[in-house]
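Each chain gets a letter, A, B and so on, in the order the sequences are listed, and its residues count up from 1.
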Amino acid sequence: MSVRVRYAPSPTGSPHVGNLRTAIYDWLLARKEGGQFLARLEDTDRTPERYRPEGIYEIEESLRFLGILPDEWWVSEGAVGPYVQSERLELYQKYAEQLMQTGHAYRCFCTRERLDAMRLEQQEKKQPTGYDRRCRSLTPEEVQANIDSGLTSVVRLAMPREGVTILKDVIRGNISYENRLQDDQVLVKTDGYPTYFLACAVDDHHMGITHILRGDDWLSSAPKLVQVFTALGWEPPLFAHPPLILGADKKKLSKRHGSTTFVDFINQGYLPEALFNFLVLLGWSAGDENKEILSIPEIIERFTLEGISEHPAIFDYDKLKWMNGHYIRASQPGRIIGMCIPYLIKAHLIADPPTPEELDYLRKVLPLEIDRMKLLSEAPELVSIFFKELRFPDGYDEKAIAKWLSADHVVRMLKKEITAFSALSDWTEANLEFETRQITEELGLEFAKVIHPTRVAATGKTVGPGLFETLEVLGRDRTLSRMQSVLDVLSTQTESGGHYLVN
RNA sequence: GGGGAUAUCGUCUAGAGGUUAGGACGAGGGAUUUUCAGUCCUUAAGCCGGGGUUCGAUUCCCCGUAUCCCUACCA
C-alpha cells in the first residue's frame with residue numbers, strides 16, 4: 001500500500017511554524033515514498049474565539065510558499081473528500097451511533113457544572129483528575145428518560161477498564177499505556193460536532209492514511225485515539241510524533257519568544273528554501289554527513305522518519321537568519337531584486353509600480369548590498385543611501401560627521417575631489433579610484449584619511465559597499481551635489497574660524 | 001496529584017561498547033580589504049547524577065534528578 005499522509009490544521013488562527021514543520025515532514029515522506037500528501041481542515045471547534053476562518057487563507061499561502069502543495073485537499077478536492085470536517089458530520093454521526101450500539105461509547109448527561117466541581121475537588125484532594133464515569137452505567141431506560149426530559153448529552157468513549165494500549169510510533173518505538181488510567185474521552189459534543197478523536201479516526205480511516213504525523217503534544221492522548229480506531233474495528237495507522245519546538249526558555253514556542261506564525265517569517269523576508277531547510281533541520285538530520293545546507297531534492301533523498309530526533313529543539317532565530325543570508329547570496333540577484341521590490345515600495349523609496357529607471361537603478365544598487373542582507377525586509381535600510389535626497393547635514397549620521405568630517409584636511413580634500421571628479425569623462429569605479437589616489441598623494445595623507453571622509457560626504461554613513469563602486473552607481477550628479485553640500489557648510493565654518501559642530 | 005516523553009558544547013545536532021567525541025549557528029582570534037558585510041583560516045566550549053552489565057561505557061540496563069508535554073464538550 002502506498003504511503004498516504006495528511007496535514008490536518010485547525011483554523012484557529014495563523015498557522016504556527018511547528019505545524020508547517022510537520023507538514024514539511026509529511027510532504028517529504030510522501031515524496032520520498034512516492035505516496036500522496038493530503039491536507040484536511042479540522043474545523044470542528046466552533047467556539048467563536050477558536051474558529052477563525054481567516055486563518056485558512058494563511059494555511060494555503062504557507063503551503064504554497066514552501067512549495068508543498070497537497071495532492072488532495074479542500075482547494076483541489078479529490079476522491080475521498082470533502083476535506084473539511086464540518087462537511088462530514090453525517091459520517092461522524094453514523095460512527096458515533098455504531099460505537100454506542102456496540103458498547104464502545106455511551107451518552108453522558110453530566111452538566112458542565114458537575115464536571116467542573118468534580119475536577120476541582122479532585123485537584124484539591126490531589127487525586128488524578130478525570131471523569132468518574134457516572135453515566136457509563138446508565139440503563140437504556142434511564143438514557144431514554146433523560147433524552148425525553150430534554151437533557152442535553154455528549155457521547156463518551158467507553159475506555160477499556162484494564163489492559164494496555166500499545167502505540168506504534170516510528171520515531172519513538174512502541175509505547176504502552178495503561179487503559180485504566182485513560183479518561184472516557186468525549187467524542188461528540190453537545191453541539192453535535194465530533195471532537196478530534198472521533199473525527200480524526202474516521203477521516204484517517206476513510207482517507208486511507210498510513211502515517212499520522214503530529215506534534216509531541218499529542219503523545220499522551222494517543223491511546224485514546226488508538227482505542228477509537230480499535231473500537232471501530234479498524235487497524236490504526238502508524239504514528240510519528242516529532243518533538244516540540246521550544247523558545248529560548250525551553251517552553252513551547254509562543255508569541256513572547258518572537259515570531260511564531262509562519263506568515264510572520266514570510267513577511268520578514270525569509271526565503272522559502274531557507275525556511276524549508278532550517279525547519280527540516282530543527283529535529284531531523286541527515287546522519288553522519290556533515291552537511292546542513294541541503295536542497296530540497298537532497299533532503300527528499302535523505303529523508304526518513306527514523307532520522308527525526310526525539311528531543312525537543314529550541315528555535316534558533318540567529319541560525320535561521322544566517323541561513324537566510326546564505327540563501328540570499330546563493331540566489332540569482334534578479335530574483336532577490338524582485339523579492340525586495342515590495343519592501344522598497346512600502347518604504348516609499350520607489351514608486352508603485354516602480355518606473356523602468358528605478359528598476360534599472362535597482363539592478364545596479366542591490367547587488368552591492370546583497371552581502372550585507374540577511375532579511376529581505378532589510379533592503380530599504382540598506383539601499384536607502386542610493387535613493388534618499390541627502391543635503392548636508394540632513395540625513396547624515398552624526399557620529400560619522402564627528403568622526404570623519406571634522407578633520408582639517410577635509411575641506412581641501414573635498415575641493416580637490418569635486419574638481420577632479422567633475423572633470424572625469426567616464427564616471428567609473430576605476431577612474432574615481434585613480435583620481436582619489438592622486439589626491440591622497442598630493443595631500444600627503446594616508447588613504448584611509450581620504451576614503452572615510454569621502455564616503456561620509458557622499459553617503460552620510462560610515463559603512464557600505466566599496467567606496468568607488470558606490471560612487472559609480474550613485475552617479476555623477478548625486479555624488480557631486482552631496483559632496484558640494486558638505487563643502488558649502490564646512491568651508492563657511494572654516495572661514496568663520498571654527499569646526500563644524502554637531503549639536 | 002496522575003500519566004507520557006526526553007537528556008552530547010550556550011543553541012541545532014553527528015557518533016560508536018575502545019574515537020584526539022565530529023559538524024553547523026553563536027562567541028573569541030587572525031588573514032583579506034578603504035569601512036561594514038562577505039570569504040578563508042583558527043581558538044575556546046559538551047557526553048545530567050548514581051548504580052549495574054562489561055576487560056572497557058558517554059553509548060546497553062535500572063534508579064534518581066531535571067526539563068517539556070498532556071491531564072477540556074480545544075485541537
Any luck finding a side-chain donor-acceptor pair between A:H211 and A:D26 under 3.5 Å?
no

For the aromatic rings, using the six-membered ring if either is Trp, is the centroid distance between A:W284 and A:F303 under 6.0 Å?
yes

Please evaluate residues A:F315 and A:Y317 with respect to the criterion ring-ring contact (aromatic ring centres under 6.0 Å, His included), reporting the C-alpha separation (whole Å), side-chain torsions for both, the decisive distance (0.1 Å), and the verdict.
CA-CA 6 Å; A:F315 196 98; A:Y317 290 90; 4.7 Å; yes

Tell me which residues in residues 189-205 of chain A lie within less than 4.0 Å of RNA chain B, going by non-hydrogen atoms.
A:K189, A:T190, A:P194, A:T195, A:Y196

Need one value for A:A448: base, sugar-phosphate or nothing, where a base atom within 4.0 Å counts as base even if backbone is also close, heavy atoms only.
nothing

Assign A:T47 to base, sugar-phosphate, or nothing according to its heavy-atom contacts below 4.0 angstrom with the strands shown.
nothing

Base, sugar-phosphate, or nothing: which does A:I175 touch, judged by heavy atoms less than 4.0 Å apart?
sugar-phosphate

With 3.5 Å as the limit, what N/O pairs link the protein to nucleotides 68-71 of chain B?
residue: B:C68; atom: OP1; partner: A:K251; partner atom: NZ; Å: 2.4
residue: B:C69; atom: OP1; partner: A:K252; partner atom: N; Å: 3.4
residue: B:C70; atom: OP1; partner: A:K252; partner atom: NZ; Å: 3.1
residue: B:C70; atom: O4'; partner: A:S220; partner atom: OG; Å: 3.3
residue: B:U71; atom: O2'; partner: A:T129; partner atom: OG1; Å: 3.1

Neighbour count above 12 (heavy atom, 6.0 Å) for A:K189 NZ
yes

Nearest-Å distance, CD (A:E417) to P (B:U34)?
16 Å

Any base atoms under 4.0 Å from A:S309, or only sugar-phosphate, or nothing? Heavy atoms, all strands.
sugar-phosphate

Rounded distance in Å between the P positions of B:G2 and B:G64
13 Å

Can you find a heavy atom in the side chain of A:S259 that is under 4.5 Å from one in the side chain of A:Q268?
yes

Considering Watson-Crick and G-U wobble pairs with both distances under 3.5 Å, what does B:C47 pair with?
none

Kindly give the atom pairs (protein nitrogen or oxygen, nucleotide nitrogen or oxygen) under 3.5 Å for nucleotides 15-22 of chain B.
residue: B:G22; atom: O2'; partner: A:N290; partner atom: ND2; Å: 3.1

When we call it a touch if two heavy atoms are under 4.0 Å apart, what does A:T462 touch: a base, just sugar-phosphate, or nothing?
base

Here the gap from A:R172 atom CZ to A:I308 atom CD1, rounded to the nearest 0.5 Å, amounts to 9.5 Å

From B:C73, B:C74, B:G38, pick the nucleotide closest to the side chain of A:V186?
B:C73

Considering only heavy atoms and no angle criterion, is a donor-acceptor pair shorter than 3.5 Å present between the side chain of A:Q123 and the base of B:G1?
no

Report yes if a side-chain nitrogen or oxygen of A:R329 is closer than 4.0 Å to either non-bridging phosphate oxygen (OP1 or OP2) of B:A37; otherwise report no.
no

Could you tell me whether the side chains of A:Q85 and A:D203 share a donor-acceptor contact shorter than 3.5 Å?
yes

What's the gap between B:U19 and B:G56 when it is taken at their C1' atoms, as a whole Å value?
14 Å

Please verify the inter-ring angle class for A:F392 with A:Y396; under 30° counts as parallel, over 60° as perpendicular, anything in between as tilted.
perpendicular

Separation between the C1' atoms of B:G49 and B:U13, rounded to whole Å
23 Å

Whole-Å gap separating C1' (B:U33) and NE2 (A:H452)
10 Å

Test the A:R437-A:F447 pair against the cation-pi criterion, namely NZ or CZ under 6.0 angstrom from the six-membered ring centroid and within 45° of the ring axis.
yes

Atom CD of A:E310 to atom P of B:A5: distance rounded to whole Å?
11 Å

Suppose we define a pair by two distances each less than 3.5 Å, Watson-Crick or G-U wobble; what does B:A57 pair with here?
none

Partner of B:U39 by Watson-Crick or G-U wobble geometry, both contacts under 3.5 Å, or none?
B:A31

Shortest side-chain distance from A:L467, nucleotide among B:G4, B:U34, B:U13:
B:U34

Within the 4.0 Å heavy-atom criterion, would you say A:K319 contacts the bases, only the backbone, or no part of the nucleic acid?
base

What do you reckon, are the aromatic ring centroids of A:Y95 and A:H206 less than 6.0 Å apart?
yes

What integer number of Å spans the P atoms of B:A24 and B:G18?
24 Å

Checking base pairs now: Watson-Crick or wobble, both atom distances under 3.5 Å. What partners B:G17?
none

Figure out the CH2/C1' separation between A:W322 and B:A37, and round it to whole Å.
16 Å

Rounded to the nearest Å, what distance is computed from the CZ atom of residue A:R372 to the P atom of nucleotide B:C36?
11 Å

Distance between the C1' atoms of B:A57 and B:C62, in whole angstroms?
15 Å

Closest to the side chain of A:I314, out of B:A75, B:U6, B:U11, is B:U11

So what does A:P9 hit on the nucleic acid, given a heavy-atom distance under 4.0 Å: a base, only sugar-phosphate, or nothing?
nothing

A:E113 CD to B:C73 C1', straight-line distance once rounded to whole Å:
12 Å

Is the backbone N or O of A:R50 less than 3.5 Å from a side-chain atom of A:D45, with the two atoms forming a donor-acceptor pair by type?
no

For nucleotides B:G15 and B:C73, find the distance between their C1' atoms and express it as a whole number of Å.
48 Å

Taking B:U58 as the reference, what is the distance to B:C48 when you measure between their P atoms (whole Å, please)?
9 Å

B:A21 and B:U43: how far apart are their P atoms, nearest whole angstrom?
15 Å

Under-4.0 Å side-chain N/O to phosphate OP1/OP2 contact, A:H311 with B:U13
yes

Taking for A:K291 and for A:G466 the nucleotide of RNA chain B with the nearest heavy atom, the one nearer the 5' end belongs to A:K291

Can you confirm if the aromatic rings of A:Y196 and A:W218 lie within a centre distance of less than 6.0 Å?
yes

Could you check which nucleotide pairs with B:U65 in any of the strands shown, counting Watson-Crick or G-U wobble with both distances under 3.5 Å?
B:A7

Check every atom of B:U6, B:C12, B:U34 against the side chain of A:F468 and return the nucleotide holding the closest atom.
B:U34

Specify the separation, in whole Å, of atom CZ of A:R455 and atom C1' of B:A37.
11 Å

A:E433 CD to B:U33 P: how many Å, rounded?
12 Å

A:L443 vs A:K416, test: side chain to side chain contact (heavy atoms under 4.5 Å, CB included). Steps then yes/no.
CA-CA 10 Å; A:L443 292 172; A:K416 279 178 176 291; 3.9 Å; yes

May I ask you to check whether A:R335 and A:S331 show a side-chain donor-acceptor distance below 3.5 Å?
yes

Using the six-membered ring wherever Trp is involved, compare the ring planes of A:Y131 and A:Y106 and label them parallel, tilted or perpendicular (cut-offs 30° and 60°).
parallel

When all nucleic acid strands are considered with a 4.0 Å heavy-atom cut-off, which category describes A:E292: base, sugar-phosphate, or nothing?
base

